[in-house]
2 protein chains.
Amino acid sequence: MIPIMDDIDRKICSILQEAGRTSSAELAEAVGLSLSAANDRVRRLVAQGAIAGWQARLDPQSFGLGLCAFMLLDLSFDGEAEAVAELVSHPEVQELHHISGPHSYLMKLRVADTRALQAFLTRVVKPLPAVLRTESIITLDTAKETAAIAVGADR
Amino acid sequence: MIPIMDDIDRKICSILQEAGRTSSAELAEAVGLSLSAANDRVRRLVAQGAIAGWQARLDPQSFGLGLCAFMLLDLSFDGEAEAVAELVSHPEVQELHHISGPHSYLMKLRVADTRALQAFLTRVVKPLPAVLRTESIITLDTAKETAAIAVGADR
DNA sequence: TGATAGGCCGCAAATATTCCTGAATATTCA
DNA sequence: TGAATATTCAGGAATATTTGCGGCCTATCA
């Protein structure tokens, strides 16, 4: 099956990435299809992998996680894989990207406060043999933070 | 109402941020409560704001968005607010953080390819009067990318 | 023009959610 | 301490949603 995606599919995805609990009836109405047709679409999109999962978005503040930080990492080639495996295993690490440029990796962290960041750095990051250098970036204020992608459904 | 959160609340949140469509029955079973009690919890967590929303996680590749990039921005104070407002209005911009350190902002972008990144830079970023300098960081490989936070429910 | 496949619709059964009541347990205050 | 008040939980009925199925329509292709 060739995963062609038409405007209706995109609109469905657009709606669901904003409001994941939209009922099939509402969804059907929004895209102008019958309930069962809309449902078929959603099921197909999940099967195709375009919809990768469903999740509740939690409020970090409610869980005492007030600090978002980024960390640039310089890793030696030796032990790099082990370091990556160790880092991604921690829930404080939300993202870990291998990047272009003078640094090896960019890591996104979500922790309670600067104290917790310091603790994470000391307990987890620095002990890794591959870690040559780190540079921490604290977010002071967040203007936008979403995982939503540009589906292009509004045309 | 003081939003006290006990272990059961945390476990519920932990489950739902992994699998947002878990049925109340499953949820109830997982935390050892009756269906209605588990449901009450979820409703309360939503009302409190601990659960901020529900969403389908989409696969960027399926929508032709193969490139994740970060951009460090140096903005002049003059026109900063307008630049921020303009940037966050674009769906390609997933995140925009005001950060500590020598740069003003860190922006996360999701676009089709380097060509699209270049186009965004030329069409959207550079024309902003407040933009003094930019530094683009391309992600070569992503070891982890999640919005899940450390709920601390596994204790 | 006839066969076939894909998408859509509507209905009915199965399942899930919501709402209500009452009992048990904590908490507050005199 | 003891009574009054709140919370939290459980069960069940009413409501809503999801799922599965059969059939219709349309586009495609030989």
Side-chain angles (χ1 to χ4, degrees), chain A residues 1-59 61-64 147-148 151-155, chain B residues 1-59 61-64 147-148 151-155:
Chain A
M1 175 217 299
I2 302 163
I4 294 171
M5 205 164 303
D6 63 13
D7 285 345
I8 294 181
D9 287 332
R10 273 190 287 271
K11 184 142 191 206
I12 288 173
C13 289
S14 173
I15 291 171
L16 289 178
Q17 83 170 339
E18 298 289 330
R21 287 219 158 168
T22 304
S23 74
S24 302
E26 270 182 86
L27 205 56
E29 155 126 47
V31 300
L33 284 182
S34 75
L35 193 150
S36 44
N39 243 321
D40 287 348
R41 297 272 192 153
V42 173
R43 201 178 354 223
R44 200 196 66 226
L45 288 163
V46 171
Q48 283 178 4
I51 294 176
W54 307 93
Q55 46 190 82
R57 182 164 29 87
L58 302 184
D59 168 42
Q61 298 291 346
S62 296
F63 294 85
V151 167
D154 324 308
R155 287 172 297 182
Chain B
M1 172 220 295
I2 303 164
I4 293 173
M5 203 163 303
D6 63 14
D7 285 345
I8 293 180
D9 287 332
R10 273 189 287 272
K11 184 141 192 207
I12 288 173
C13 290
S14 171
I15 291 171
L16 290 178
Q17 83 171 337
E18 299 289 331
R21 287 217 157 168
T22 304
S23 74
S24 303
E26 268 183 87
L27 204 56
E29 155 123 48
V31 300
L33 285 181
S34 76
L35 195 150
S36 50
N39 245 319
D40 288 348
R41 298 272 191 153
V42 173
R43 198 174 359 214
R44 200 195 66 226
L45 289 163
V46 171
Q48 283 176 4
I51 295 175
W54 307 92
Q55 46 191 82
R57 181 165 30 86
L58 302 185
D59 168 42
Q61 297 291 347
S62 296
F63 294 86
V151 167
D154 326 306
R155 287 171 300 184

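Residue numbers begin at 1 in each chain, while the letters A, B, ... track the order of the sequences.
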Testing the basics here: between [X] and [Y], what is the closest heavy-atom pair and its distance to 0.1 Å?
X	Y	answer
B/Trp54	B/Gly20	CZ3-O, 3.7 Å
A/Ser62	B/Met5	O-CE, 4.0 Å
B/Ile12	B/Ala38	CD1-O, 4.4 Å
A/Ala50	B/Phe63	O-CE1, 3.9 Å

Please give, in whole Å, the distance from [N] [atom2] to [X] [atom1]?
X	N	atom1	atom2	result
A/Asn39	C/dG10	CG	P	14 Å
B/Arg43	D/dT8	CZ	P	13 Å
A/Arg41	C/dG7	CZ	P	8 Å
B/Ile12	D/dC9	CD1	C1'	13 Å
B/Leu27	C/dT18	CG	P	12 Å
B/Ile8	D/dT8	CD1	P	11 Å

Practice problem: Output the distance between atom CG (B/Leu33) and atom NZ (B/Lys11), rounded to the nearest 0.5 Å. | Solution: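 Those atoms lie 10.5 Å apart.
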Quiz item: How many angstroms lie between CD1 in B/Ile8 and CG in B/Leu27, if you round to the nearest 0.5 Å?
Solution: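 Between B/Ile8 CD1 and B/Leu27 CG, I get 10.5 Å after rounding to 0.5 Å.
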Quiz prompt | Bend angle of the helix from C/dT1-D/dA30 to C/dA30-D/dT1, end axes from five pairs each (to 10°) | solution =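 The end axes of the helix from C/dT1-D/dA30 to C/dA30-D/dT1 are about 40° apart, to the nearest 10°.
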Quiz item: Is the closest basic N to carboxylate O distance between B/Asp6 and B/Arg41 below 4.0 Å?
Solution: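 Looking at B/Asp6 and B/Arg41, the cut-off is met.
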Self-check item: side chain to side chain donor-acceptor pair (under 3.5 Å) contacts touching residues 20-31 of chain B (sequence neighbours left out)
Solution: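 Passing the test, one end in residues 20-31 of chain B: B/Ser24-B/Asn39.
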Polar pairs (N or O, both sides) under 3.5 Å between protein and nucleotides 10-14 of chain D?
from: D/dA10; atom 1: OP2; to: B/Ser34; atom 2: N; distance (Å): 2.5
from: D/dA10; atom 1: OP2; to: B/Ser34; atom 2: OG; distance (Å): 2.9
from: D/dA10; atom 1: N7; to: B/Ser36; atom 2: OG; distance (Å): 2.9
from: D/dG11; atom 1: N7; to: B/Ser36; atom 2: OG; distance (Å): 3.3
from: D/dG11; atom 1: O6; to: B/Ser36; atom 2: OG; distance (Å): 3.3

Self-check item: Sugar-phosphate or base contact per nucleotide [nucleotides 21-27 of chain C; S, B, -; heavy atom under 4.0 Å]
Solution: -------
Self-check item: Counterpart residues, side-chain hydrogen bond (donor to acceptor under 3.5 Å, both in side chains), relative to B/Gln17 (two or more places apart)
Solution: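 B/Gln17: no side-chain hydrogen bond (donor to acceptor under 3.5 Å, both in side chains) contacts found.
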Quiz item: Which part of the nucleic acid does B/Arg21 contact within heavy-atom distance under 4.0 Å: base, sugar-phosphate only, or nothing?
Solution: nothing
Exercise. Using the test salt bridge (charged side-chain N to carboxylate O under 4.0 Å, His left out), find all partners of A/Arg57 that sit at least two apart in sequence or belong to another chain.
Key: none
Self-check item: Criterion side-chain contact (heavy atoms from CB on, under 4.5 Å) on B/Asp59 and A/Ile51, from CA distance to verdict
Solution: CA-CA 6 Å; B/Asp59 168 42; A/Ile51 294 176; over 6 Å; no
